[in-house]
Amino acid sequence: MSTRTDVVIRTYGPGQVPPLLDLIADIWADAHPELVDTPGATTAGLSVPALHRQINGHLIHPGFTLVTAYAGGTAVGFGYAFLCSATYWFGPDLLDQVPEGARTERLMGLCELKPVPQLGRGLALPPLSWFGAVER
């Protein structure tokens, strides 16, 4: 008898994300118990409110895609990505250290790939396959 739970990956565009922010913030908080209620985490950008601001800021980027994994109808992981330039992703201070091909090609910024810790291994194997729907 198998104890494996089938995982369903759902893809969301920018307009569908705001109602999911609290859900994915809960997953983020479960994945980072060391940061929840830690003094200074908010000012360091490592908090649930900071995650809300980060995601809302990234929603404007072309190709923004959120994926959420569900097992047994419960959200168990998420990740999001968007198209970006090397200048955006690496910043001007590191740009000259990035290989030329990566500086001139379109990049995908992969952010916050978080499975819930209780699942252990398996959900994040192969994480980039979650983003099969991202336009290229």
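These numbers come from the heavy atoms of this one structure, side chains and all, not from hydrogens, waters or symmetry mates.
In terms of heavy-atom proximity, Val7 sits nearest to Ala69 at CG1-CB, 3.8 Å. The two residues Ile27 and Gly77 make their nearest non-hydrogen contact at CD1-N, 3.8 Å. Counting all heavy atoms, side chain and backbone alike, Cys111 lies closest to Gln54 at CB-NE2, 4.5 Å. Closest heavy-atom contact between Tyr12 and Gln16: CA-OE1, 3.2 Å. Among all heavy-atom pairs drawn from Gly109 and Trp89, the shortest one is CA-CZ3, 3.4 Å.
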Intermediate values then yes/no, side-chain contact (heavy atoms from CB on, under 4.5 Å), Val17 and Leu59: CA-CA 8 Å; Val17 171; Leu59 286 173; 3.7 Å; yes

Please lay out, stage by stage, how Leu51 and Leu21 fare under the test side-chain contact (heavy atoms from CB on, under 4.5 Å). CA-CA 9 Å; Leu51 178 71; Leu21 281 174; over 6 Å; no

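Inter-residue side-chain proximity for Phe90 and Leu107 is flagged as met; some heavy-atom pair is nearer than 4.5 Å. Contact check for Thr65 versus Tyr80: no side-chain heavy atoms found under the 4.5 Å cut-off. Contact annotation: the side chain of His52 never approaches that of Trp28 to less than 4.5 Å [non-hydrogen atoms, C-beta and beyond].
The six-membered or imidazole ring of His58 lies away from that of Phe64, with a centre-to-centre distance of 6.0 Å or more.
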Which pairs of donor and acceptor atoms, one on a side chain in residues 95-104, lie under 3.5 Å apart (sequence neighbours left out)?
unit_1, atom_1, unit_2, atom_2, d
Arg103, NH1, Val98, O, 3.1
Thr104, OG1, Glu100, O, 3.2
Thr104, OG1, Gly101, O, 3.4

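Not one N or O on the side chain of Thr11 forms a donor-acceptor pair closer than 3.5 Å with the backbone of Ile9.
Listed by chain and number, the residues in a ring-ring contact (aromatic ring centres under 6.0 Å, His included) with Tyr88 are His61, Phe82 (sequence neighbours excluded).
A side chain to side chain contact (heavy atoms under 4.5 Å, CB included) with Phe78 is found for one member of Leu23, Leu66, Val67 and no other, namely Leu66.
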